[in-house]
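Note sheet for the following structure.
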Amino acid sequence: MARPADALVIGGGIQGCSTALQLARRGLRVVLLEKDHVARHASGVNAGGVRRLRRHEAEIPLAIAAMEMWYDIETLLEGRQTGFHVTGQVAVAETQADLAWATQRAARLRALGYTHEELLSPAELYEMMPELAPGMEGGLIARGDGAASPYHTTMAFRDTALQAGVVIEEGIAVRRLARADGLWRAQTDAGTYQAPCVVNCAGAWAGALAAQCGEAVPLQPIAPMMMVTSRLPAFLKPVVLGIGRPLSFKQMPNGTMMIGGGHLGSADLRTNTIRLDFAKLTRSARTATELFPLMRAATLVRAWGGIESRLPDDIPVIGPSSTEPGLFHAFGFSAHGFQLGPVIGEIMAQLVTQGATQHPIAPFAITRFH
Ligand SMILES: Cc1cc2nc3c(=O)[nH]c(=O)nc-3n(C[C@H](O)[C@H](O)[C@H](O)COP(=O)(O)OP(=O)(O)OC[C@H]3O[C@@H](n4cnc5c(N)ncnc54)[C@H](O)[C@@H]3O)c2cc1C
């Protein structure tokens with residue numbers, strides 16, 4: 001006997017929990033199925049960057065809408081803590097080529113009507129970050145961007161979803177998805193769940209589910225890596241990004257430094273494991289010390305990675321299936337999906353309950369790969 005629901009959500013990352021919450025608030029009986037446990041993968045271990053800065057143009061409207069939700073995240077999550085705070089995010093131009101890119105980017109965004117990214121002169125840069133190595137050319141800043149705790153945020157979405165009536169089943173993997181007689185059936189080792197609609201928020205594993213439904217996509221598993229150091233005296237407020245080389249660098253409220261920004265290890269989807277690439281971690285540490293020489297005094301405490309996935313154009317799939325009614329996808333966030341979490345829930349719930357959303361999701365259609 002299949003267990004019934006109005007909607008099944010597959011995946012207990014930030015996208016699945018946010019979607020489940022928004023569906024429950026619209027009155028649906030929602031079951032969320034998670035093969036491991038909520039926040040086990042990318043959503044729980046990421047860098048926590050809440051950033052509009054340097055977004056792909058197609059993502060900017062969604063990132064702006066998500067940001068408005070972050071500013072009021074305590075209301076959305078009924079007072080639960082996410083650690084969100086506004087720090088500003090700055091992309092540092094180390095070279096004339098970086099500065100030319102930043103200047104062009106700022107002009108392009110202005111022409112499109114966006115005002116959230118501004119050019120910074122070297123004087124403003126050094127006023128903001130006196131410990132920055134000499135010789136920088138300037139930068140690009142989004143003053144209203146910030147950071148949050150990824151684990152606490154994802155768990156806060158989970159807890160709010162539970163409070164709204166969502167049933168969360170952990171340790172239950174969807175093995176097979178099939179539709180018959182107008183109902184989706186999700187087969188698991190613990191029996192079958194059924195509902196008129198399914199939202200595929202299965203992160204790096206989502207491509208396998210899409211392929212089962214006749215719409216294979218070139219989703220590639222990736223394993224972005226992070227490092228954290230011992231505590232240093234407070235010296236850095238904004239989150240710092242690289243332009244010409246990968247870097248994301250921030251000081252946590254407790255003084256530790258988080259270093260990430262795009263160097264990849266390797267991920268094994270079958271075993272849920274990651275292999276760190278220590279040569280690349282060394283490069284990452286070197287970039288941080290070259291930009292902030294006082295980092296030479298820091299001790300690395302821990303390194304880790306998270307299983308994420310990317311699509312060839314580095315933007316996600318968001319929207320209805322092109323092959324099956326009642327199936328919706330939100331996956332392939334290409335290492336920048338955490339910030340979008342609040343708005344993705346809203347979009348998916350609107351698609352499920354109204355068949356449309358006011359957010360511009362056409363660039364994220366799954367059909368772009370067909
Ligand atoms: C190290 C790192 C740093 C990052 N830094 C940032 C950042 O600073 N800012 C930012 O915006 N983004 C960042 N990201 C990206 C961000 O973390 C992801 O884009 C986002 O968390 C994706 O959320 P998700 O819910 O789609 O995926 P996930 O969190 O991976 O959740 C998907 C879930 O689906 C489950 N699942 C899969 N298949 C099945 C199945 N068949 N049945 C049941 N459950 C299933 C999985 O177990 C998993 O828990 C970073 C990512 C990493 C790894």
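Ligands are counted one by one from 1 in listed order, and the atoms in each one are counted from 1 as well.
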When you check the gap from the basic side-chain N to the acidic O, do [X] and [Y] get nearer than 4.0 Å?
| X | Y | result |
| --- | --- | --- |
| R158 | E34 | no |
| R51 | D145 | no |
| R368 | D313 | yes |
| R110 | E117 | no |
| R80 | E74 | no |

Quick check on Q354: does its CD atom have over 12 non-hydrogen neighbours (other residues, nucleotides or ligands) under 6.0 Å away? yes

Just checking, is any N or O donor in the side chain of [X] or [Y] under 3.5 Å from an acceptor N or O on the other one?
| X | Y | result |
| --- | --- | --- |
| E124 | S121 | yes |
| E308 | H41 | no |
| Q350 | Q22 | no |

Are [Y] and [X] connected into the same hydrophobic cluster when the rule is that any two of I, L, V, M, F, W, Y join if their side-chain heavy atoms are below 4.5 Å apart?
| X | Y | result |
| --- | --- | --- |
| I307 | F331 | no |
| F328 | V198 | no |
| M129 | F249 | yes |
| L140 | M67 | no |

Write out the residue and atom name of the closest protein heavy atom to [atom], then the distance separating them to 0.1 Å.
| atom | result |
| --- | --- |
| atom 43 (C) of ligand 1 | K35 N, 3.2 Å |
| atom 34 (O) of ligand 1 | G11 CA, 3.1 Å |
| atom 37 (C) of ligand 1 | A202 O, 3.3 Å |
| atom 5 (N) of ligand 1 | A47 N, 3.2 Å |
| atom 42 (N) of ligand 1 | V174 N, 2.9 Å |
| atom 8 (O) of ligand 1 | G49 N, 2.8 Å |
| atom 23 (O) of ligand 1 | S43 OG, 3.1 Å |
| atom 25 (O) of ligand 1 | Q15 N, 3.1 Å |

Could you tell me which atoms of ligand 1, counted from 1 in the order shown, lie closer than 4.0 angstrom to a heavy atom of [X]?
| X | result |
| --- | --- |
| A173 | 42 (N), 43 (C) |
| I10 | 40 (C), 42 (N), 43 (C) |
| M226 | 1 (C) |
| D36 | 47 (O) |
| H41 | 30 (O), 46 (C), 47 (O), 48 (C), 49 (O) |
| G306 | 53 (C) |
| I14 | 23 (O), 25 (O) |

Taking non-hydrogen atoms only, is [X] closer than 4.0 angstrom to ligand 1 via side chain, backbone, both or neither?
| X | result |
| --- | --- |
| R40 | neither |
| A335 | backbone |
| L33 | backbone |
| E34 | both |

Between [X] and ligand 1, is there a nitrogen or oxygen pair with a distance under 3.5 Å?
| X | answer |
| --- | --- |
| P224 | no |
| A204 | no |
| A42 | yes |
| W205 | no |
| G203 | no |
| F333 | no |
| E308 | yes |
| F338 | yes |
| Q339 | yes |

Could a heavy atom of [X] be found less than 4.0 Å from some atom of ligand 1?
| X | result |
| --- | --- |
| C201 | yes |
| I172 | yes |
| G12 | yes |

Assess the residue pair R26 and T353 against the criterion (side-chain contact (heavy atoms from CB on, under 4.5 Å)); give the C-alpha distance rounded to whole Å, side-chain angles, the decisive distance to 0.1 Å, and a yes or no. CA-CA 8 Å; R26 285 164 175 77; T353 59; 3.7 Å; yes

Should L281 and D277 count as side-chain neighbours, where that means a heavy-atom distance under 4.5 Å? no

Would you check if P61 and Y114 make a side-chain contact, meaning some heavy-atom pair closer than 4.5 Å? yes

To which of V9, N46, L8 does the heavy atom nearest atom 52 (C) of ligand 1 belong? N46

With salt bridge (charged side-chain N to carboxylate O under 4.0 Å, His left out) as the rule and sequence neighbours excluded, what pairs involving residues 205-234 come up? none

Pick one: which of Q187, R3, R185 meets side chain to side chain donor-acceptor pair (under 3.5 Å) with Y193? R3

